[in-house]
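Presented below is the structure to which this report refers.
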4 protein chains.
Amino acid sequence: MTARSRSIPTKRSSPGRHGDTTIAAGNKRAEIFDAAVALFLHRGYDATSMRDIAAAVGVMPASIYYHYESKEALLVAAVADGAGLLKASVDAATDSELDPWTQLERACAAHLTTLLHGPDVVRVLYFELQRRREGRVESDLLRIRREYENLFRDLIDALPIGDGVSRTHLRLTILGAMAWSPVWYRREGDSPTQIARALIALVRYGSG
Amino acid sequence: MTARSRSIPTKRSSPGRHGDTTIAAGNKRAEIFDAAVALFLHRGYDATSMRDIAAAVGVMPASIYYHYESKEALLVAAVADGAGLLKASVDAATDSELDPWTQLERACAAHLTTLLHGPDVVRVLYFELQRRREGRVESDLLRIRREYENLFRDLIDALPIGDGVSRTHLRLTILGAMAWSPVWYRREGDSPTQIARALIALVRYGSG
Amino acid sequence: MTARSRSIPTKRSSPGRHGDTTIAAGNKRAEIFDAAVALFLHRGYDATSMRDIAAAVGVMPASIYYHYESKEALLVAAVADGAGLLKASVDAATDSELDPWTQLERACAAHLTTLLHGPDVVRVLYFELQRRREGRVESDLLRIRREYENLFRDLIDALPIGDGVSRTHLRLTILGAMAWSPVWYRREGDSPTQIARALIALVRYGSG
Amino acid sequence: MTARSRSIPTKRSSPGRHGDTTIAAGNKRAEIFDAAVALFLHRGYDATSMRDIAAAVGVMPASIYYHYESKEALLVAAVADGAGLLKASVDAATDSELDPWTQLERACAAHLTTLLHGPDVVRVLYFELQRRREGRVESDLLRIRREYENLFRDLIDALPIGDGVSRTHLRLTILGAMAWSPVWYRREGDSPTQIARALIALVRYGSG
DNA sequence: GATGAATGAGCATTCATTCAT
DNA sequence: CATGAATGAATGCTCATTCAT
């Protein structure tokens, strides 16, 4: 609903920036992107047809192909866009912080906020991240997941933790808890930031 | 109606040894089920066609309809079967245990063992659990998830934990970490039981 | 119009031979083949759609795919069928003859008769033989042309001809004259056999 | 309307040197024409898309429509151009010659040289000459073929030939042999002029 | 001159499903 | 039990073409 499509244009250059203030042109491309993302999220990529997307935008199916070269290109664009948003938010949150636990908590808060309150495209990324695909999409998804893995790996490596604790399991737990959150999360409960704080407190201090 | 064929093998085989005593009967039905499950897992439900399943079994597509009413019926059967296996393994592990933390750890170990080392059908359940569907499947999936939620809710409610700790977040973290594990898990690393022990230790004692 | 489809079945075995007397089953497959051939001939392969073929037979487009796996498979079948007919007729004509010139004339007469009065499928072969294609069809067409080339090469090699005469040019001339005949031939004029006789007389004795 | 660009090159190049004196003008039009001709020849008219042509020239598909009214117009232009080249070369060769056989041989040599060594456009004409079309193109092709028929008919009518020889078959043989030559011709073998000489010798003196 | 954007018809093909045999 | 044969709807995509700019 909120976010505009900030994917890197597939064809020429970006016709009309659609970032902050300018809205102008590049309209249809962004509309198509947004509609595709919404449908990918709610029905899944495979269950979404190009006709569905076209109908949602109010154009003929053929028109989509002027803006995106294939259905898979739309998914790749979505995945890249979602990954970009996620990375940007975590990067912004961890910039110059000092205390490792605080830094990790902020990273998690940023991640969860973007994931749970960000635009649909972020969740598309997360859902599609789990299904094995082929070709371009598969490698894109793998790369993105690995980048993410490493990002949190570094943050966790910096943590001063007890001898008997496995950093790998710590990372697995944190990432798993966050990854699963879109499945359980309801807007009425705790905020993403609160969830992050509780999660970090839990794995830091325990509950016993 | 209830799905047969809970054989462990990932690929094909297991002709017979379904249900209780019968060996020969229900052979084709089980083969079809197994093939469907394997394909659902590796390609996803939507990307799997009845032709694919038929070809994997070596029958004509029409023949599947003698055994299963529809493609969705195959998914429902798979989901029910996977949930049954999961529930049975957790039930067996928690049966008469006393210490709440040990009980929870055993439940998690059982859950992870079944999820990570059990038959494909268990993982199908887990992957399909995350995608919104319609009709019969959707309600089945919802019910299964809720049952599971409650199972662990009870185990966690029995835990003697500190005042400042949210049981909800504790549950969310544990379930999330476990749910995400099929995505990261590699057979060469720690065993499901070791993962469960580390997970419980982490959320019980923390790592700081 | 006349000939039935005698192409090698694509799927299982031939359901109901349709050669001489038996007509019985295998009906639709043959109907589809004949319709495709007629359309390929009159409009060209590229300009013929599967919908056209389906409409001509009176089935749904999808039904064609039960009998032939693709449009190209239909072309391959046609090409193979046409080549078979052509080869069979020339083989039958040249069987045990002795005089080389007579033998060549009979081969030409057989070739022209089949080409000009035979079923559509023969002419499909000839027209498609001239257009470069890709994949399976291309290699099939090349092989067929080469077989033909060799067939006439042998017949011409056996000819007792003058020193100054190039067998290559002789072959080129004969094959070219025959290949071009569908373009000019009108049923009201000379018969294929007469054309063959005139052609051989021309290249044997000249006209000067 | 009349087609430009009769440059020899097969691929691209030849910017300028169209028509008579002008160099710069009609550039894009000629480029489009050349690209279309090359594609028509190698893939066939039906299998060539306006996008293909546009991409080959480096313009947008819409731009073609500024220069040519339609795809068919491009074919008509090609056909007319090819016919013009062919006619011009034969006309030039037969101008003031006296001996009928020599005259015919020169006509054939000119025809074959233009057909086999001339620009792509000539061969496009020949290939498309064999496929029945509709509307404008069809009548153009018919007219061209008839003109050609008559040209050689006159040359052959002038020949002093024996009583038992059919002029029709003689013409059919000569035209057929020449028409088929693009299918067999390889640059490494005999030249078009040598082929013409051999062909005429063959039909004049025979080979027996 | 050229093109960005769109169109509507059409493409080959695949889908889950049905049903008489 | 199984299938040969078919279906009708839907699939992703390409087509030649148009037109305002």
Side-chain angles (χ1 to χ4, degrees), chain A residues 11-13 15-16 25-29 32 46-54 57-74, chain B residues 26-29 32 46-54 57-74, chain C residues 11-12 15-16 25-29 32 46-54 57-74, chain D residues 25-29 32 46-54 57-74:
Chain A
K11 291 227 152 166
R12 293 282 158 126
S13 65
N27 206 317
K28 270 285 149 59
R29 186 185 162 86
I32 289 167
D46 289 314
T48 299
S49 77
M50 293 300 263
R51 279 163 174 79
D52 291 338
I53 299 169
V57 179
V59 297
M60 302 297 294
S63 304
I64 298 178
Y65 289 86
Y66 178 77
H67 300 283
Y68 290 90
E69 94 179 350
S70 67
K71 189 188 171 188
E72 206 182 51
L74 268 165
Chain B
N27 202 320
K28 266 286 146 60
R29 184 183 163 89
I32 289 167
D46 289 315
T48 299
S49 75
M50 292 299 263
R51 272 166 178 72
D52 292 337
I53 299 170
V57 180
V59 298
M60 301 299 291
S63 306
I64 298 178
Y65 289 87
Y66 177 81
H67 300 285
Y68 289 92
E69 176 179 84
S70 67
K71 189 187 171 189
E72 206 181 48
L74 268 166
Chain C
K11 290 231 152 163
R12 293 283 157 124
N27 206 317
K28 270 284 148 60
R29 186 184 162 85
I32 289 167
D46 289 315
T48 299
S49 77
M50 292 301 263
R51 281 164 174 77
D52 292 338
I53 299 170
V57 180
V59 297
M60 301 297 293
S63 305
I64 299 178
Y65 288 86
Y66 178 77
H67 300 283
Y68 291 90
E69 96 179 347
S70 67
K71 189 186 171 189
E72 205 182 51
L74 268 166
Chain D
N27 202 321
K28 267 286 148 58
R29 183 183 164 90
I32 289 167
D46 289 315
T48 299
S49 76
M50 293 299 262
R51 272 167 179 70
D52 292 337
I53 300 169
V57 179
V59 298
M60 300 300 290
S63 306
I64 298 178
Y65 288 86
Y66 177 82
H67 299 284
Y68 289 91
E69 177 180 82
S70 68
K71 189 186 171 189
E72 207 181 49
L74 268 165

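The model shown is predicted, which means the values in this text are computed figures rather than measured ones. Order of the sequence lines sets the chain letters (A, B, ...), proteins ahead of strands, with each chain counted from 1.
- Phosphate contact (OP1/OP2 of F/dA10, side-chain N/O of A/S49, threshold under 4.0 Å): absent.
- Two residues are said to be in side-chain contact when any heavy atoms from C-beta on lie closer than 4.5 Å; C/Y66 and C/K28 fail this criterion.
- Computed from coordinates, the C/I64 CD1 to E/dT13 P distance equals 10 Å when rounded to whole Å.
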Mind listing the N/O atom pairs, protein and nucleotides 17-21 of chain F, below 3.5 Å?
{"residue": "F/dT17", "atom": "OP2", "partner": "D/Y65", "partner atom": "OH", "Å": "2.9"}
{"residue": "F/dT17", "atom": "OP2", "partner": "D/K71", "partner atom": "N", "Å": "2.8"}
{"residue": "F/dT17", "atom": "O5'", "partner": "D/Y65", "partner atom": "OH", "Å": "3.4"}

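- Computed from coordinates, the C/Y68 OH to E/dT13 C1' distance equals 18 Å when rounded to whole Å.
- A/S49 pairs by the side-chain hydrogen bond (donor to acceptor under 3.5 Å, both in side chains) definition with A/D52, not counting sequence neighbours.
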Pair assignment for DNA chain F - dot-bracket with | for other-strand partners, Watson-Crick or G-U under 3.5 Å
.||||||||||||||||||||

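- Contact check for C/I64 versus C/K71: no side-chain heavy atoms found under the 4.5 Å cut-off.
- Counting to the nearest Å, the C1' atom of F/dG4 and the CG atom of C/N27 are 14 Å from each other.
- OP1 or OP2 of F/dA5 lies within a sub-4.0 Å distance of a side-chain N or O belonging to C/Y66.
- Side-chain contact between C/M50 and C/L74 is present, with heavy atoms from C-beta onward closer than 4.5 Å.
- Put simply, CE on D/M60 is 14 Å from C1' on E/dG1, counting in whole angstrom units.
- Atom CZ of A/R29 sits about 14.0 Å away from atom OG of A/S63, to the nearest 0.5 Å.
- Of all nucleotides listed (F/dA5, E/dA5, F/dG8), F/dA5 comes nearest to the side chain of C/H67.
- Here the shortest heavy-atom pairing between A/S70 and A/A73 reads OG-N, 3.1 Å.
- In this structure, D/D52 places its CG atom 12 Å from C1' of F/dA16, rounding to the nearest Å.
- At F/dA6, one or more side-chain N or O atoms of C/K28 fall inside 4.0 Å of OP1 or OP2 (strictly under the cut-off).
- Going from atom CG of D/D46 over to atom P of E/dA12 covers 12 Å, rounded to whole Å.
- One atom, CZ of B/R29, and another, P of F/dA2, lie 12 Å apart when rounded to the nearest Å.
- For the atom pair A/T48 OG1 and A/I53 CD1, the distance stands at 6.0 Å (nearest 0.5 Å).
- An OP1 or OP2 oxygen of E/dT7 is reached within less than 4.0 angstrom by a side-chain nitrogen or oxygen of A/S63.
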